Amino acid sequence: MTGHHQDRLARIAELVPPGSRVLDLGCGNGALLALLRDQRQCTGYGVEIDDTHVLECVQRGVNVLQRNLEDGLSIFDDGSFDVVLQLDSLQNLRNTEAMLRETARVGRIGIVSFPNFAHWPHRLSVLRGRMPVSKSLPYQWYDTPNIRVTTFKDFDTLARQNGLRVLESFGLDPQGDEIRRWPNLRASTAVFKFEKKA
């Protein structure tokens with residue numbers, strides 16, 4: 001794991017209250033759940049479809065359910081978790097809006113991150129007539145797992161349209177440093193913490 005990736009995970013982990021019951025959707029190799037368990041005394045589960053990642057989670061001692069997120073979260077009751085994480089997976093789903101609502105249903109707090117398509121180098125690529133390829137969007141247009149691309153501002157609008165209250169939002173640059181000023185332009189990754197409005 002690179003230092004920048006570790007810094008990014010540590011920054012996102014700070015958004016999770018200590019002792020929380022956490023559900024990590026698209027948890028990858030379980031690194032964030034292990035960090036939350038070891039440093040913030042959190043418990044919970046990861047959901048992951050990839051066989052290799054599921055094995056890595058098990059090797060880390062992370063509870064993981066092998067499940068396709070496209071099937072939804074109907075196996076979880078309302079308010080089952082304090083925090084539901086969805087890092088770098090929302091843009092890979094066909095029904096993004098439904099999954100966002102499900103995240104808010106099963107968790108008291110939701111935290112999402114995704115590549116910010118409005119980051120200035122991406123804009124420059126499009127102005128030059130090419131689809132962007134970068135650290136946060138590392139694939140060519142023809143082999144990307146991203147079904148959706150979005151921007152910091154677009155997600156903020158979507159969250160509010162779906163009855164979510166944004167508690168905190170900021171960007172991260174490619175090195176994992178936090179960006180609060182002009183994140184739609186300056187951030188390669190967007191991070192949002194939200195809750196369902198009462």
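Nothing here was measured: the structure is a model prediction, and the numbers come from that model.
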Besides Val54, the hydrophobic cluster formed by Ile, Leu, Val, Met, Phe, Trp and Tyr side chains linked at under 4.5 Å, directly or via other members, contains Val58, Val64
For residues 99-108, the side-chain hydrogen bond (donor to acceptor under 3.5 Å, both in side chains) pairs (sequence neighbours left out) are Asp78-Arg105, Gln86-Thr103, Arg101-Asn162, Glu102-Arg105
Salt bridge (Lys or Arg N to Asp or Glu O under 4.0 Å) filter on Asp82, not counting sequence neighbours, yields none
With sequence neighbours left out, the residues meeting ring-ring contact (aromatic ring centres under 6.0 Å, His included) with Phe155 are Phe114, Phe192
Checklist entry - Would you say Asp88 and Ser113 make side-chain contact, with heavy atoms under 4.5 Å? => result yes
Notebook entry, point to check: Short question: side chain of Glu48, backbone of Asp50 - any donor-acceptor pair under 3.5 Å?
Noted result: yes
task = Decide side-chain contact (heavy atoms from CB on, under 4.5 Å) for Leu32 and Leu35; before the verdict, give the C-alpha distance in whole Å, the side-chain angles of both, and the deciding distance to 0.1 Å.
result = CA-CA 5 Å; Leu32 180 56; Leu35 176 74; 4.1 Å; yes
Backbone N or O of Ala190 within a donor-acceptor pair of the Asn116 side chain at under 3.5 Å?
no
Here the side-chain hydrogen bond (donor to acceptor under 3.5 Å, both in side chains) pairs for residues 37-47, sequence neighbours left out, are none
Point to revise | Validation row: Leu158, Glu97 side chains within 4.5 angstrom (heavy atoms) | key: yes
Mind listing the side-chain donor-acceptor pairs of residues 9-27 below 3.5 Å, one per line with the distance, residues two or more places apart or on another chain?
unit_1 : atom_1 : unit_2 : atom_2 : d
Arg11  : NE     : Glu178 : OE1    : 2.3
Arg11  : NH1    : Glu14  : OE1    : 3.1
Arg11  : NH2    : Glu168 : OE2    : 3.4
Arg11  : NH2    : Glu178 : OE1    : 3.0
Ser20  : OG     : Pro17  : O      : 2.6
Arg21  : NE     : Ser80  : O      : 3.4

How about Arg181: does its CZ atom have over 12 heavy atoms from other parts shown lying under 6.0 Å from it?
no
- Have Gln59 and Asn29 got a donor and an acceptor in their side chains that come within less than 3.5 Å? no
